[in-house]
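First up is the structure itself, then whatever we jot down about it.
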Amino acid sequence: MENLYEKYQQSSCVCTDSRNLTPGCLFVCLKGANFDGNKFAAEVLEQGAKYVITENRELSGNPRATVVDDALATLQQLANYHRRQLKMPIIGITGTNGKTTTKELINAVLSSSYKTTCTKGNLNNHIGVPLTLLTIKPTDEMAIVEMGANHPGEIDALCRIAEPTFGLITNIGVAHIEGFGSKENIIKTKKALYQHVIANNGTLFVNETDAILRENLTYDKVVFYGKEAESSIVSMNPYLTIRIGEETVETHLTGSYNIWNFLGAAAIGRYFHIADSVIAKALGDYVPSNHRSQVNRIGSNVIISDYYNANLTSMTAALKNLAQLDHPRKVAVLGDMRELGDLSVEAHTEISQLVENLHIEGYFVGTEFAKVVKKNNFTDVEEANAYFTAHPLENAMVLIKGSNSMHLNKLTAILGE
């Protein structure tokens, strides 16, 4: 590994996509069900890669190629080797909902006073976590690593690579249950982050109002936050205005559920000796750009774009938040929630009933909602666009939420994009 690590240090970065090749990079040839990067190993060297990690035995004699049995495993081992050279805090973030937003808020706070690296977008899986670690430079002072999972044991595997010394779980709810099999498996998988931080004698940041997160937690190096959540919300119209200590913050996020994300970021900032005034400014300056709790005015409508992902917990929270906002016409355009397995019919029924109970004007997109809703239901986005083109929404506050695979970003008749 030492020889490969030297090649990594001599390279400009690590690449895995030949379509976005950076000159001087270390290229890792990954393969999946529908692609095999090993076929392009020689080509990427010709196109400017400095070194390549490949399973292609034909390059065994090439000094710029490291031929291995498993390129993905080698990438993960290289990332872990690099991580062990780093002495900085590594903050691991996971959870069912809000982990990407929380990661972004934590980075906003910490980068106000420290040089940080954090996960880009939601590159939080078995490939994204190693790539994130390999972007950390020795001059960085802190790193925030987001970890996602949709099968048992995944957080444990990612923690073995990242070896976090600090950890925060946003919450644990029902998402991807089709892959996990049960809520108990979800809890066990997510809480692996706690186990690894404890093994590293690190510090946990825990929402003390969350019974699942506190259950069986006897570790003493814990920073609790969240008890002040209700009193921390000043207003919602539709953006959240919150209070951090004595500071009032006008944020660029909607949704009362985001208060936990703000308070988690503030707790970490305070732990690392950042003043409330600096934390407040960082949180107020943060502007989302990932279709999570974004608000835009389009024509006569106020659009709440929250369609990056969806599950029963997050959709319930978003609908309850919409019901709390002050507007004469409230509309929800909801797409299917995916990967719910046997719970799908029950979950979609619960959401459709909640829309009715909250007196929200509801429209539903997808085959899962079609099983339980017979009114204002569209098979896909194209059908929804046709309807809203013929019957445009006017003077409405519109929540758009659904799983990313529903492509609600293509609701051009509402979004105007």
Side-chain angles (χ1 to χ4, degrees), residues 1-32 35-45 47-92 116-140 142-149 153-165 192-193 196 199-200:
M1 184 56 66
E2 288 185 13
N3 181 51
L4 179 58
Y5 190 63
E6 288 181 5
K7 292 181 178 179
Y8 156 75
Q9 291 178 307
Q10 295 166 12
S11 303
S12 59
C13 62
V14 177
C15 292
T16 60
D17 188 342
S18 60
R19 296 167 298 182
N20 298 304
L21 189 70
T22 300
C25 71
L26 169 62
F27 189 88
V28 184
C29 299
L30 301 179
K31 61 183 179 182
F35 68 93
D36 186 352
N38 294 288
K39 295 178 179 179
F40 305 99
E43 184 178 331
V44 296
L45 287 174
Q47 292 177 346
K50 189 176 184 70
Y51 298 108
V52 66
I53 297 174
T54 181
E55 299 168 19
N56 187 347
R57 297 290 170 186
E58 294 179 2
L59 294 179
S60 295
N62 191 321
R64 293 166 60 197
T66 299
V67 179
V68 298
D69 293 330
D70 188 327
L72 174 58
T74 302
L75 171 67
Q76 295 170 341
Q77 292 161 11
L78 177 63
N80 179 250
Y81 188 91
H82 176 56
R83 186 266 171 272
R84 293 191 171 192
Q85 315 310 307
L86 305 169
K87 305 304 178 186
M88 69 189 67
I90 304 290
I91 303 169
T116 65
T117 288
C118 77
T119 301
K120 298 292 186 288
N122 69 328
L123 295 175
N124 58 20
N125 63 5
H126 59 298
I127 298 172
V129 168
L131 290 176
T132 295
L133 292 169
L134 290 168
T135 64
I136 302 173
K137 298 178 175 58
T139 53
D140 289 334
M142 294 188 185
I144 306 102
V145 181
E146 180 184 333
M147 304 177 192
E154 284 189 282
I155 298 300
D156 175 66
L158 297 177
C159 284
R160 291 180 186 277
I161 300 170
E163 298 185 15
T165 51
L193 174 60
H196 279 270
N200 287 326

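The first residue in the sequence is number 1, and the count goes up from there.
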If every non-hydrogen atom of L193 is compared with every non-hydrogen atom of P164, which pair is closest and at what distance?
CD1-CG, 3.7 Å
Return each pair, listed once, that meets ring pair (Phe, Tyr, Trp, His ring centres under 6.0 Å) where at least one residue sits in residues 54-75; pairs must be two or more places apart or across chains.
none
Under 3.5 Å, is there a donor-acceptor pair between the side chain of N200 and the main chain of H196?
yes
Set of side chain to side chain contact (heavy atoms under 4.5 Å, CB included) partners for C118, sequence neighbours left out
K103, N107, I144
CG of L26 to CG of L4: how many Å apart, nearest 0.5 Å?
6.5 Å
Taking every non-hydrogen atom, the tightest pair across G148 and L158
O-CD1, 3.5 Å
Please step through side chain to side chain contact (heavy atoms under 4.5 Å, CB included) for the pair T132 and K120, ending with a clear verdict.
CA-CA 7 Å; T132 295; K120 298 292 186 288; over 6 Å; no
Would I90 and I136 count as a side chain to side chain contact (heavy atoms under 4.5 Å, CB included) here? Give the steps.
CA-CA 10 Å; I90 304 290; I136 302 173; 4.2 Å; yes
V67 versus T54: any side-chain heavy-atom pair under 4.5 Å?
yes
Contacts of S12 meeting side chain to side chain contact (heavy atoms under 4.5 Å, CB included) (sequence neighbours excluded), chain-then-number -> T22, C25
For S60, all residues meeting side chain to side chain donor-acceptor pair (under 3.5 Å), sequence neighbours excluded
none
L75 side, atom CG; C29 side, atom SG - distance, nearest 0.5 Å:
11.5 Å
Salt bridge (charged side-chain N to carboxylate O under 4.0 Å, His left out) partners of residues 1-17, not counting sequence neighbours, each pair once:
D17-R19
Which pairs pass salt bridge (charged side-chain N to carboxylate O under 4.0 Å, His left out) with one or both residues in residues 64-83, sequence neighbours excluded?
R57-D69
Pairwise side-chain contact, V14 with V28, heavy-atom cut-off 4.5 Å (strictly under):
yes
Residues in side chain to side chain contact (heavy atoms under 4.5 Å, CB included) with A42, at least two apart?
L59
State, to 0.1 Å, how close V44 and L21 come at their nearest heavy-atom pair, and which atoms those are.
O-CD2, 3.8 Å
List for me each residue that meets salt bridge (charged side-chain N to carboxylate O under 4.0 Å, His left out) alongside R160, sequence neighbours excluded, and say none if there are none.
D156
Quick one: which residue pairs count as a ring pair (Phe, Tyr, Trp, His ring centres under 6.0 Å) with a foot in residues 53-88, not counting sequence neighbours?
Y5-Y81, Y5-H82, Y8-H82
Can you tell me if E58 has over 12 outside heavy atoms packed within less than 6.0 Å of its CD?
no
Return each pair, listed once, that meets ring pair (Phe, Tyr, Trp, His ring centres under 6.0 Å) where at least one residue sits in residues 51-76; pairs must be two or more places apart or across chains.
none
Here the gap from L72 atom CG to I127 atom CD1, rounded to the nearest 0.5 Å, amounts to 5.5 Å
Looking only at heavy atoms, which two atoms of Q76 and P130 are closest? And how far apart?
CG-CG, 3.8 Å
How would you list, by chain and number, every residue that makes a side chain to side chain contact (heavy atoms under 4.5 Å, CB included) with D36, sequence neighbours excluded?
K31, N38, K39
Smallest heavy-atom separation, M88 atom then K137 atom, equals CE-O, 3.7 Å
To the nearest 0.5 Å, what is the distance between CG (N124) and CG (L131)?
12.0 Å
CD1 (I161) and NE2 (H126) are apart, to the nearest 0.5 Å, by 9.0 Å
Once salt bridge (charged side-chain N to carboxylate O under 4.0 Å, His left out) is applied, do any residues pair with D140, and if so which ones, sequence neighbours excluded?
none
About how many Å separate CD1 of I91 and OG1 of T119, when rounded to the nearest 0.5 Å?
11.0 Å
For T165 and P89 the tightest heavy-atom approach is OG1-CA, 3.7 Å
